[in-house]
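Numbering of ligands and ligand atoms starts at 1, following listing order.
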Amino acid sequence: MRSLRDNLAISAGKATAIGHFNVSDLVGLNAVAAAARRLGLPVLIGTSEGERAFIGVRQAAAVVRSIRDEYDFPIFLNGDHTHSLAKAEEAARAGYDMIGFDGSTLAFEENVRQTKQAVEAIKSINADIVVEGELGYIGSGSEIHDTVPESSLIFTRPDEAREFAEAAGVDVLAPAVGNMHGLLATMVRGEARKHLDIERIAQIKAATGMPPTLHGGSGTDDDDFRRAIEAGMTIVHISTELRLAWRRGLEAALAAEPDNLVPYQLFRKASEAMEEVVAKRLKLFNPL
Ligand SMILES: [Zn+2]
């Protein structure tokens with residue numbers, strides 16, 4: 001079984017991206033795994049601090065490892081948006097393959113200091129863990145917003161990305177390049193799409209010499225996704241689209257069968273809706 005690091009190098013070489021999908025429970029986790037296995041593509045399961053507290057930090061790691069072992073399949077687990085050293089160490093000890101340390105709301109120097117401290121602590125627990133740093137704020141909350149958070153309009157500069165990556169010692173970097181967490185109501189209605197600064201992505205990759213990660217991918221224009229991946233994006237995060245599919249699938253199931261009390265039958269529609277989103281995005285991120 002190739003490691004996550006090897007899979008990232010292969011993706012970077014082929015100008016494809018590994019899809020990263022956030023889940024809150026086993027229904028979501030199995031839906032992501034099923035879509036990726038069906039397509040034979042590597043995949044990252046993301047759990048934020050809230051999501052992993054709900055599933056169980058060690059339980060999420062155990063489930064992902066069990067799927068990887070049982071099916072000899074490249075599925076990996078990321079501790080997404082980890083804000084504290086204690087949570088980073090907890091995920092590293094639980095067996096996470098990747099940890100995204102998020103100091104993006106901090107001042108530059110403090111972000112470097114805390115991220116570097118996390119990198120050193122994580123690597124001392126397991127040197128194979130891939131550590132991501134974040135530079136540039138893209139809003140918080142994988143939910144539906146009325147307006148674009150103003151601070152997310154400031155994009156990451158290639159020179160500061162290089163300084164940050166070198167000083168903090170991260171393996172991958174998540175910049176702000178037009179991406180945003182969550183979806184605007186206009187995007188949910190299909191009236192608007194997110195657009196990315198493709199030139200800047202290429203410049204950040206060249207400046208740092210490491211694969212950039214795209215957070216807040218939900219609602220991005222398909223062609224922007226293709227060009228961003230050609231320009232070097234190696235991990236692409238999708239969360240809100242999956243949450244929307246879950247909610248709509250579950251609502252449809254509950255409305256269609258008001259007397260049904262069987263969770264696994266009702267959850268099936270939510271699961272199928274999520275699997276469809278994951279498959280569609282994975283195909284786009286991995287052109288033949
Ligand atoms: Zn994110």
Tell me who clusters with [X], hydrophobic residues only, linked when side chains sit under 4.5 Å apart either directly or through other members.
X: Ile10; result: none
X: Met98; result: Leu4, Leu8, Ile18, Leu44, Phe76, Val130, Val172, Ile235
X: Val262; result: Tyr264

Q.
Suppose the cut-off is 2.8 Å; which protein N/O/S atoms would you list for the Zn ion (ligand 1)?
A.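 N, O, S partners closer than 2.8 Å: His81 NE2, His181 NE2, His215 ND1.
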Q) Quick check: are there more than 12 heavy atoms from other residues, nucleotides or ligands sitting under 6.0 Å from NZ of Lys123? A)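 More than 12 within 6.0 Å, yes.
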Q.
Would you say CZ of Arg58 has more than 12 non-hydrogen atoms from neighbouring residues, nucleotides or ligands within 6.0 angstrom?
A. no
Q: Tell me, please, whether Tyr71 has Arg37 positioned over its six-membered ring: NZ or CZ under 6.0 Å from the ring centre and within 45 degrees of its axis?
A: yes
